[in-house]
Amino acid sequence: KSLTGNSAIVDIIPKQYILSNGEIYAEAPLGANSTSITLDAMVYCLPNDNVQDYQNTLINGGMNVRRTLIAPYAATHLIASEPDMPSDYFLVDIGSDYTTVSLVGNCDIYASRFNKWGSDNITERIVENFNINSAEAEKIKITYGIDKRQMNFKAPVCRTDDGEGNEIKHYAEELNEITKGELDDFIRSLRSAIDDLLAPYDSSYKTIPMLLSGGGSRLSGLVEYLTPKVDSEVVQLVMPRALGARNPTFTNCLGMILANAK
């Protein structure tokens with residue numbers, strides 16, 4: 001397909017090389033004789049402004065850009081390095097401000113959609129409802145997530161002051177309502193992104209596994225809350241196994257190291 005005026009090529013990944021005699025090579029056919037060569041490749045693009053912003057930030061910081069990759073492609077390399085992970089799946093990368101939903105088939109990225117919803121949305125709602133600062137709200141979100149524990153006593157998750165010396169107590173039930181409300185918005189945008197990604201394909205693909213990555217995927221109780229609300233038969237957290245980097249936040253970085261090594 002031709003690129004639009006606002007698109008820039010980020011990377012071209014060769015899949016196979018086809019010679020004039022019909023021979024197919026997975027690697028560059030150095031030394032082979034042929035009157036022509038056809039390249040079957042995956043071409044990854046992003047809006048030109050995004051590409052320029054990323055590159056200019058690095059260049060202005062005194063760093064030399066040797067290679068660019070799209071983040072979901074990098075993540076697929078890390079996932080493919082684990083023998084117990086699927087080859088066909090939806091990759092849902094939940095960041096602080098954005099979520100990227102990608103369709104992966106046979107370990108290849110076919111398309112991605114971006115939603116302006118991130119884990120900071122939950123933090124902001126806690127700030128608004130509990131009248132506390134962002135650091136306190138983030139700590140509460142990480143500590144409790146979706147709290148399903150049944151306690152014999154009712155302990156507040158947060159105590160604030162109404163400005164007149166009166167203490168206000170906030171409990172797990174209130175926190176759960178805030179968190180679930182934001183997650184329901186996230187799930188609606190997620191389902192819409194999946195519908196869009198699968199528009200050219202059979203709807204049966206909706207049941208392929210869903211893999212969650214990114215820092216926002218660490219929210220306690222997220223997998224359990226999400227599983228019955230999506231069509232995927234399996235919802236699983238991508239947890240890197242590299243020593244010193246066992247955190248979904250590092251999925252893209254670790255995957256880029258693997259991809260660049262090839």
Side-chain angles (χ1 to χ4, degrees), residues 46-47 49-54 56-58 61 70-72 74-75 78 90-102 112-148 156-160 168 170-194 196-197 210-227 229-230 232 235-240 245-256:
L46 284 174
D49 291 344
N50 290 21
V51 176
Q52 291 299 319
D53 286 346
Y54 282 125
N56 290 339
T57 298
L58 293 170
I70 61 167
L78 183 67
F90 295 112
L91 176 61
V92 182
D93 183 358
I94 307 173
S96 58
D97 299 303
Y98 288 88
T99 294
T100 306
V101 186
S102 303
S112 296
R113 296 293 181 267
F114 307 90
N115 293 317
K116 189 169 173 49
W117 189 98
S119 61
D120 279 357
N121 286 45
I122 298 174
T123 304
E124 291 168 4
R125 296 292 84 75
I126 296 173
V127 169
E128 293 173 2
N129 285 271
F130 287 7
N131 194 27
I132 56 178
N133 61 46
S134 295
E136 291 177 301
E138 184 72 11
K139 182 179 179 180
I140 290 172
K141 179 186 72 176
I142 293 172
T143 301
Y144 295 95
I146 301 175
D147 194 353
K148 294 183 177 180
V157 299
C158 176
R159 301 172 187 265
T160 58
I168 301 176
H170 301 280
Y171 294 92
E173 293 84 358
E174 184 181 356
L175 177 62
N176 283 344
E177 287 301 314
I178 295 169
T179 303
K180 289 178 180 180
E182 276 299 324
L183 287 179
D184 287 342
D185 288 342
F186 161 65
I187 291 168
R188 280 191 287 271
S189 64
L190 173 60
R191 293 179 67 92
S192 177
I194 290 174
D196 196 18
L197 286 169
M210 180 178 292
L211 305 185
L212 308 180
S213 70
S217 67
R218 298 182 64 198
L219 181 72
S220 178
L222 175 60
V223 172
E224 294 79 8
Y225 189 75
L226 185 59
T227 299
K229 297 178 182 291
V230 295
S232 294
V235 178
Q236 182 178 349
L237 179 64
V238 175
M239 184 64 70
R246 289 174 175 169
N247 187 313
T249 302
F250 301 123
T251 299
N252 294 338
C253 292
L254 292 170
M256 188 151 190

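Counting begins at 1 with the first residue of the sequence.
With sequence neighbours left out, E136 forms a side-chain hydrogen bond (donor to acceptor under 3.5 Å, both in side chains) with N133. With sequence neighbours excluded, no residue satisfies side-chain hydrogen bond (donor to acceptor under 3.5 Å, both in side chains) with E224. D184 is linked by a salt bridge (charged side-chain N to carboxylate O under 4.0 Å, His left out) to nothing, counting only residues two or more places apart in sequence or in another chain. Under the side chain to side chain contact (heavy atoms under 4.5 Å, CB included) criterion, E128 pairs with R125, not counting sequence neighbours. Remark: S232 pairs with no residue by the side-chain hydrogen bond (donor to acceptor under 3.5 Å, both in side chains) rule, at least two apart or across chains. When the side chain to side chain contact (heavy atoms under 4.5 Å, CB included) test is applied to D196, the partners found at least two apart in sequence or on another chain are R113. Taking the side chain to side chain contact (heavy atoms under 4.5 Å, CB included) definition, one finds that F250 meets it with A245, N247, L254, sequence neighbours left out. Residues passing the side-chain hydrogen bond (donor to acceptor under 3.5 Å, both in side chains) test with D185 are R188, sequence neighbours excluded. For Q236, the side chain to side chain contact (heavy atoms under 4.5 Å, CB included) partners at least two apart in sequence or on another chain are M85, L211, V234. Partners of Y225 under the ring pair (Phe, Tyr, Trp, His ring centres under 6.0 Å) rule, at least two apart in sequence or in another chain, do not exist in this structure.
Between P248 and V238 the shortest side-chain heavy-atom distance does not fall below 4.5 Å. Between E138 and D120 the shortest side-chain heavy-atom distance falls below 4.5 Å.
The CD1 atom of I146 sits 10.5 Å away from atom CD of E177, with the distance rounded to the nearest 0.5 Å. Here I122 contributes atom CD1 and E182 contributes atom CD; the two are 6.5 Å apart, rounded to the nearest 0.5 Å. Note: S119 OG to E124 CD = 9.5 Å, rounded to the nearest 0.5 Å. The distance from atom CD of Q52 to atom OG1 of T57, rounded to the nearest 0.5 Å, is 10.5 Å. Rounded to the nearest 0.5 Å, atoms CG (N131) and OG1 (T160) are 6.5 Å apart. The distance from the CG atom of N121 to the CD1 atom of I178 is 13.0 Å, given to the nearest 0.5 Å.
Contact between T143 and K139 at its shortest, heavy atoms only, is OG1-O, 2.7 Å. Between L197 and S112, the closest heavy-atom pair is CD2-N, 3.9 Å. The nearest pair of heavy atoms linking I126 to I132 is CG2-CD1, 4.1 Å. The nearest pair of heavy atoms linking A75 to T251 is CB-CG2, 3.9 Å. Minimum interatomic distance between G145 and L175 (heavy atoms only, all atoms of both residues): O-CD2, 4.3 Å. Scanning all heavy atoms of the two residues, the minimum distance from L183 to L222 falls at CD2-CD1, 3.8 Å.
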Can you give each donor-acceptor pair under 3.5 Å made by side-chain atoms of residues 213-220, sequence neighbours left out, with the distance rounded to 0.1 Å?
unit_1, atom_1, unit_2, atom_2, d
S217, OG, G214, O, 2.6

Identify every side-chain donor-acceptor pair in residues 90-100 under 3.5 Å, counting partners at least two apart or on other chains, and give the distances.
unit_1, atom_1, unit_2, atom_2, d
D93, OD2, N252, ND2, 2.9
T99, OG1, W117, O, 2.7

Could you go through the side-chain contact (heavy atoms from CB on, under 4.5 Å) check for M210 and L226 one step at a time? CA-CA 10 Å; M210 180 178 292; L226 185 59; 3.9 Å; yes
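Shown here is Y171, whose OH atom has more than 12 heavy atoms of other residues, nucleotides or ligands within 6.0 Å.
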